[in-house]
Amino acid sequence: MHRVVNYFRFFWGRDRAHRVTAVVALSFLISGLLLGGIALAGFLGQRIPDRTGAAFLHQGNVFYARAGKKKAQVLRLNESCASLVSTNGKVVWFTAPADDNNKIFDLYQIVNGKAPAIRAHDVENTLVGSADGDTVLYRQKNSLGGVALRCRTDRGNTERKLVEDVADVFFPARGGEFWYTKKQYGTMALFRADLRGKSTLVDESVTLVTLRESEKSAGLLYLHTEKTEDGAAVAVSGKLCLLPRGAEKATEIAQGVDAKSLPAFLQNYRPGENLYFFQYAEEEKTTWRSLVADKNADADAKMKKPDINDFFHVWFLSPGYTAAEKLYAEKQTRDRVRAALDDLDLSGVSLGKKMLCAWDGKSVMDLVRTLPADVLAARREGAPGVVAALHENQTTGKDLADYAGGAVSEISSTIAAAIAELTDAQSRGKLSFVVGGTGGARMTDLDTAFTRTNTTFSFSLDGTRLFALTRRKAGEGTRTDVYVQSIQGKTLSPRSAVQTDCIQAAVLGEKQDVVWCILPGEGGKMLGDLYRLSGDKRTLAAQYVADFSGDEKDGIVIFHHPLDVGKNMPEQSRLSYWANGKTHALETTDFVLNESVRAYGNTAVVYLVPHGGELGGELRLWRNGKTSILAINAEKVLVF
């Protein structure tokens, strides 16, 4: 699922084209809100590989059902409880309230659908664990009011106390060693530990600690900052470090890394891929000189107070001296303005003082030394490269002399106006493709038809192609044109049209290079024909399509098409899927709950078929060509 939402999707708006993958991403968002806790993405963010079950909502409670069970409703949880489901769906850990106030929780375990067994009392409502369900970590209150991190394993049902009063825990899916943070001497310290309770200090004064995993490796990324007196201050910048699984010491990636933009970069990074970040230039500081030109600066620095003896005069009357005095008085006024501007606090203003950098796992390279106003897409693999809106570091066109007669308050307001003007200039920045590598970075301006507001960009996974989905007005609605540009080294080919005049379009597929689109057909304004475009191959998947969604595998695309094509708002719809190169019909029903369709490649899909006039419906699972009923009462699919 890590590639369903494009790498820099957080920078973009949300329109119909973006909703294509949002339905899949929504399940992860819901599960995060539902389960709560710390570092849950390392466990429940992984959907169940064999796809034999699903978690769903019914009357405010959460159920977990598995196919083939006589009793479909296997697990009942309160929606506020934390839970962990193993990757094979056979082991479930969850918390349940031990009092009516939902302040005290007990820890339960279910194995192979058997009755829940209590494993611990007085636990906090947060859990982390290994993907196989063998190990779970939880915090338990003690008699003195403190909290201890404890470990419990499925094998032998053993339990062990690990450490006291941790802040956050980061447990990789494969289990074994883990990391935690703990407040120490006024700052957050990072520790490495094992399941026997042995721990060692890795670093002090850390923030933005993030666990990132791939199929082969896992590691922590974090920012090391200077210590503060209370440890509560948010760092502006720091040293970006990587702590791989099994390593005792972290590797420094870069210094002076911008902390504000870093979390989004970290959350979208996987080990082995390119990591992007903004880095402050150490020799540069944000001052008013970034905003206002000072053409007289050098001359004023050299100007001395005039001496009448240096001029021809008669009875101390000299036109030359009078002119020099006037110039010097103007210089003094400008000096007073400079002094007032020097007193302005611009520490919170960032105007072109950062560089966009990339780390390819071996070295750091500068991509953009002008400040990108926005990063719209980035290459995960291959030479680091981005699509960015750029602007040059330039002044506002004003000069210090324009403010020379103003009061300090007027100067401050003009500086504020200058900041707004420069920020607006950033939003109008030109779009460029920037790629790094040997010999430095290279920029190529993109077609002027592409703008930040009308175009969505994405790279193919191997980084050899750049797709652009451009929206434009067409009659009463909009249409999307899909273009592609090939990338060879640092060269970007001219754009070529993949498909124009799309009602809806998205770039999907395991390699992120397959274009799915709805083209106008016989169904009127709201309906069209769904096509799959892969290279030179063009396949018609279905007709009378109103909407579709898909995931990274390109195995299943879910869409709805009315049976009565003569109506804009049909009473009946058909839910279908694309798998193994052909279209399969799932259901023909009065209505299918679109937000509760969850698909996984060409392996499995779950969906709800509502009861007539009742909330919710039957939860059904299609897997390898066979359909089974998981539950007869469900309102929303949460995890699959």
Side-chain angles (χ1 to χ4, degrees), residues 10 38-39 41-42 149 163-172 177-193 199-213 218-245 247-269 271 274-287 345-359 361 363-369 371-372 375:
F10 54 86
I38 43 182
L149 179 68
V163 67
E164 298 277 358
D165 298 326
V166 301
D168 286 303
V169 181
F170 307 91
F171 196 38
E177 71 172 15
F178 65 97
W179 305 274
Y180 67 90
T181 57
K182 183 176 182 179
K183 196 165 186 178
Q184 183 171 279
Y185 308 118
T187 66
M188 281 296 174
L190 176 64
F191 293 83
R192 174 174 174 255
S199 63
T200 56
L201 176 66
V202 175
D203 203 347
E204 297 178 296
S205 190
V206 302
T207 186
L208 303 181
V209 183
T210 306
L211 171 63
R212 304 307 300 159
E213 301 186 80
L220 286 186
L221 286 157
Y222 67 90
L223 203 63
H224 171 89
T225 63
E226 296 299 324
K227 291 184 178 181
T228 58
E229 292 183 2
D230 58 3
V234 178
V236 175
S237 66
K239 181 170 62 177
L240 180 60
C241 300
L242 169 68
L243 181 62
R245 178 188 175 103
E248 296 183 359
K249 294 184 179 180
T251 300
E252 178 183 328
I253 296 176
Q255 295 186 355
V257 175
D258 173 41
K260 184 177 181 180
S261 61
L262 187 60
F265 288 105
L266 297 182
Q267 290 296 333
N268 290 277
Y269 167 78
N274 296 321
L275 174 63
Y276 300 87
F277 54 89
F278 287 114
Q279 185 179 37
Y280 286 96
E282 295 181 359
E283 70 278 5
E284 295 178 333
K285 294 181 180 180
T286 302
T287 70
D345 182 11
L346 297 180
S347 59
V349 178
S350 177
L351 299 170
K353 300 307 180 187
K354 293 181 290 186
M355 299 179 293
L356 176 64
C357 301
W359 181 66
S363 59
V364 173
M365 61 187 72
D366 299 341
L367 292 181
V368 184
R369 284 189 172 270
L371 176 64
V375 177

(message) Parallel, tilted or perpendicular: which one describes the rings of Phe265 and Tyr276, with boundaries at 30° and 60°?
(response)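 Tilted: the ring planes of Phe265 and Tyr276 meet at 30° to 60°.
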For [X] against [Y], the heavy-atom pair lying closest together:
{"X": "Ile253", "Y": "Val364", "result": "O-CG2, 3.3 Å"}
{"X": "Leu208", "Y": "Ala259", "result": "CD1-O, 3.6 Å"}
{"X": "Gly256", "Y": "Ser237", "result": "C-CB, 4.1 Å"}
{"X": "Glu248", "Y": "Leu243", "result": "C-CD1, 4.3 Å"}
{"X": "Ala189", "Y": "Val206", "result": "C-CG2, 4.2 Å"}
{"X": "Ala218", "Y": "Glu213", "result": "CB-CG, 3.7 Å"}

(message) Using only atom types and a distance under 3.5 Å, with no angle test, would you say the side chain of Ser205 pairs donor to acceptor with the backbone of Thr225?
(response)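 Judged by distance alone, yes, a pair lies under 3.5 Å.
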(message) Donor-acceptor pair, distance only, cut-off 3.5 Å: does the side chain of His224 make one with the backbone of Glu204?
(response)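 Checked: pair present.
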Close side-chain approach of [X] and [Y], heavy atoms under 4.5 Å:
{"X": "Thr210", "Y": "Gln267", "value": "yes"}
{"X": "Tyr269", "Y": "Trp359", "value": "yes"}
{"X": "Phe277", "Y": "Leu266", "value": "no"}
{"X": "Trp179", "Y": "Val209", "value": "no"}

How long is the straight-line distance from [atom2] of [Y] back to [atom1] of [X], given to the nearest 0.5 Å?
{"X": "Asp366", "Y": "Gln279", "atom1": "CG", "atom2": "CD", "result": "7.0 Å"}
{"X": "Thr181", "Y": "Asp203", "atom1": "OG1", "atom2": "CG", "result": "12.0 Å"}
{"X": "Gln184", "Y": "Asp165", "atom1": "CD", "atom2": "CG", "result": "12.0 Å"}
{"X": "Leu149", "Y": "Lys182", "atom1": "CG", "atom2": "NZ", "result": "10.5 Å"}
{"X": "Phe171", "Y": "Glu177", "atom1": "CZ", "atom2": "CD", "result": "10.0 Å"}

(request) Check side-chain hydrogen bond (donor to acceptor under 3.5 Å, both in side chains) between Glu164 and all other residues, then give those that pass, not counting sequence neighbours. (result)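 Only Lys161 meet the side-chain hydrogen bond (donor to acceptor under 3.5 Å, both in side chains) criterion with Glu164.
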(request) Have a look at Tyr222 and tell me which of Leu242, Leu190, Leu240, Thr207 forms a side-chain contact (heavy atoms from CB on, under 4.5 Å) with it. (result)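 Exactly one option meets the side-chain contact (heavy atoms from CB on, under 4.5 Å) with Tyr222, and it is Leu190.
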(message) Does Leu275 form a side chain to side chain contact (heavy atoms under 4.5 Å, CB included) with Leu221? I'd like the steps, not just the answer.
(response) CA-CA 10 Å; Leu275 174 63; Leu221 286 157; 4.0 Å; yes
(request) Under the ring-ring contact (aromatic ring centres under 6.0 Å, His included) rule, collect the residues that match up with Tyr180, sequence neighbours excluded. (result)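 Checked Tyr180 against ring-ring contact (aromatic ring centres under 6.0 Å, His included); matches are Phe191.
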(request) With sequence neighbours excluded, tell me which residues meet salt bridge (Lys or Arg N to Asp or Glu O under 4.0 Å) with Arg245. (result)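 So Arg245 forms no salt bridge (Lys or Arg N to Asp or Glu O under 4.0 Å) with any residue.
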